[in-house]
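Working notes, structure below.
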Amino acid sequence: MLVAGTGTGVGKTWVGAALLHELRARGLTVAVRKPVQSADPDDGLPDAVTLAAASGEDSDEVCQPSRSFEVPMTPFMAADNLGRPLESVDELVAGLRWPAAVDVGLVESVGGVRSPITEDGADTVSIQTLLRPDLTVVVADAGLGTLNLVRLSTAVLAAELVVILNRFDPADELHRRNLAWLEGHLALPVVTTISALADLAALG
């Protein structure tokens with residue numbers, strides 16, 4: 001399974017971690033991998049640490065230390081800023097290592113769907129093409145601007161897709177209207193809870 005996002009800050013890591021917790025609570029064996037990460041260490045725990053806590057793994061297994069860059073820029077810029085090498089997306093994906101027996105393997109991507117990860121423009125679409133996951137989760141904000149971002153993101157990704165509106169508030173009229181529009185115009189599932197997402201992930 002691949003977890004992608006309509007942009008930076010939409011909650012990919014939170015959704016991924018919550019999904020892992022839910023799947024483990026249902027008795028499934030899980031593992032998670034982050035091919036590369038870049039962030040300001042003063043902004044909180046690295047994604048790999050949060051994801052590892054949810055899956056029960058070591059954070060260095062989730063994201064190899066050589067693929068972690070402590071600069072809040074897209075990975076190729078962060079690597080260049082630090083004077084460190086960055087592998088190609090093909091190498092990043094090929095280098096993912098998994099435990100022997102896993103019911104659900106989750107890969108969290110970087111930034112938005114079309115955010116370039118490497119200098120040559122490879123992005124989450126590239127990762128999806130290489131991984132060929134059973135399911136791709138597109139994490140989107142529930143509020144203003146999400147219709148545009150969801151449409152742009154899902155248009156360039158291959159099936160099977162599910163959209164989750166993160167931070168959905170059923171009392172918020174805009175959130176409700178966004179959900180209704182997406183359900184009526186996208187030929188794919190749109191969910192608002194981790195439980196509903198876990199139902200789809202377990203089926204995959």
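We count residues from 1, following the sequence as given.
Judged by distance alone, with hydrogens and angles left aside, the side-chain atoms of Lys12 form a donor-acceptor pair with the main-chain N or O of Gly111 at under 3.5 Å. Between the Asn178 side chain and the Ala142 main chain, a donor and an acceptor come within less than 3.5 Å of each other. The closest donor-acceptor contact from the side chain of Asn166 to the backbone of Val10 lies under 3.5 Å. Arg24 places a side-chain N or O within donor-acceptor distance of the main-chain N or O of Ala54, the cut-off being under 3.5 Å. In terms of modelled atom types and a separation under 3.5 Å, the side chain of Arg33 and the main chain of Leu106 share no donor-acceptor contact. With Lys34 contributing its side chain and Ser109 its backbone, the two residues share a donor-acceptor pair below 3.5 Å. Distance alone, capped at 3.5 Å, places no donor-acceptor pair between the Glu61 side chain and the Val32 backbone. Between the Thr124 side chain and the Ala4 main chain, no donor and acceptor come within less than 3.5 Å of each other. Checking side-chain atoms of Asp103 against main-chain N and O of Leu28 turns up no donor-acceptor pair under 3.5 Å. Side chain of Gln128 to main chain of Ala158: a donor-acceptor pair is present (N/O by atom type, distance under 3.5 Å, no hydrogens or angles).
Between Pro35 and Leu96, the closest heavy-atom pair is CA-CD2, 4.1 Å. Between Ala52 and Val62, the closest heavy-atom pair is CB-CG2, 3.7 Å. Pairing each heavy atom of Pro85 with each of Phe69, the nearest pair is O-CZ, 3.6 Å. Closest approach of Gly121 and Pro116 over heavy atoms only: CA-CB, 4.0 Å. For the residue pair Val89 and Ala122, the shortest heavy atom distance occurs at CG2-CB, 3.3 Å. Counting all heavy atoms, side chain and backbone alike, Ser38 lies closest to Thr74 at OG-C, 3.9 Å.
No side-chain heavy atom of Glu22 sits under 4.5 Å from any side-chain heavy atom of Leu197. Between Val137 and Leu2, every side-chain heavy-atom pair lies at or beyond the 4.5 Å cut-off. Counting heavy atoms from C-beta on, the side chains of Arg67 and Glu87 come closer than 4.5 Å. His175 places none of its side-chain heavy atoms less than 4.5 Å from the side chain of Leu165. With contacts defined as side-chain heavy-atom distances shorter than 4.5 Å, the pair Pro99/Glu57 qualifies. The side-chain heavy atoms of Met1 and Pro133, taken from C-beta on, include no pair separated by under 4.5 Å. A 4.5 Å side-chain heavy-atom check between Trp98 and Val107 finds at least one atom pair inside the cut-off. Residues Leu82 and Glu70 have side chains in contact (heavy-atom distance under 4.5 Å, counting atoms from C-beta outward).
When the side chains of ILVMFWY residues are joined at heavy-atom separations under 4.5 Å, either directly or via intervening members, Leu135 and Leu51 end up in a single hydrophobic cluster. In the hydrophobic clustering of ILVMFWY residues, with side-chain heavy atoms under 4.5 Å counting as a link, Leu157 and Leu131 come out apart. Cluster membership for Met73 and Phe76, using ILVMFWY side-chain heavy atoms within less than 4.5 angstrom, is shared.
The closest side-chain donor-acceptor pair between Thr136 and Glu160, if any, does not fall under 3.5 angstrom. Asp141 and Thr146 share no side-chain donor-acceptor pair at under 3.5 Å. Side-chain atoms of Asp90 and Ser88 form no donor-acceptor pair, as typed in the model, at a separation below 3.5 Å.
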Practice problem: Determine, step by step, whether Asp199 and Arg26 satisfy the salt bridge (charged side-chain N to carboxylate O under 4.0 Å, His left out) criterion, reporting the C-alpha distance in whole Å, the side-chain angles of both residues, the deciding distance to 0.1 Å, and the verdict. | Solution: CA-CA 10 Å; Asp199 289 342; Arg26 296 185 184 197; 2.7 Å; yes
Practice problem: Please test Val190 against Val162 for side chain to side chain contact (heavy atoms under 4.5 Å, CB included), starting from the C-alpha separation and ending with a verdict. | Solution: CA-CA 6 Å; Val190 182; Val162 57; over 6 Å; no
Quiz item: Going through the checks in order, is the side chain to side chain contact (heavy atoms under 4.5 Å, CB included) test met by Ser55 and Val30?
Solution: CA-CA 6 Å; Ser55 69; Val30 303; 4.1 Å; yes
Practice problem: Just do the side chain to side chain contact (heavy atoms under 4.5 Å, CB included) check on Val163 and Thr6 with the steps written out, would you? | Solution: CA-CA 10 Å; Val163 173; Thr6 58; over 6 Å; no
Exercise. List the steps, then state whether side chain to side chain contact (heavy atoms under 4.5 Å, CB included) holds for Trp14 with Ile194.
Key: CA-CA 10 Å; Trp14 184 89; Ile194 295 299; 3.9 Å; yes
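Here the OG1-CD distance, from Thr13 to Glu108, works out to 3.5 Å after rounding to the nearest 0.5 Å. Separating the CG atom in Leu188 from the CD atom in Glu183 is a distance of 10.5 Å, to the nearest 0.5 Å. One finds the OG1 atom of Thr192 at 14.0 Å from the CZ atom of Arg167 (value rounded to the nearest 0.5 Å). For the atom pair CD1 of Ile117 and CE of Met77, the computed distance is 13.0 Å after rounding to the nearest 0.5 Å. In this structure, CG in Leu186 is found 5.0 Å from CG in Leu182, a value given to the nearest 0.5 Å. Between Glu91 atom CD and Leu86 atom CG the span is 9.0 Å, to the nearest 0.5 Å.
Within 6.0 Å of CZ on Arg84 lie more than 12 heavy atoms contributed by other residues, nucleotides or ligands.
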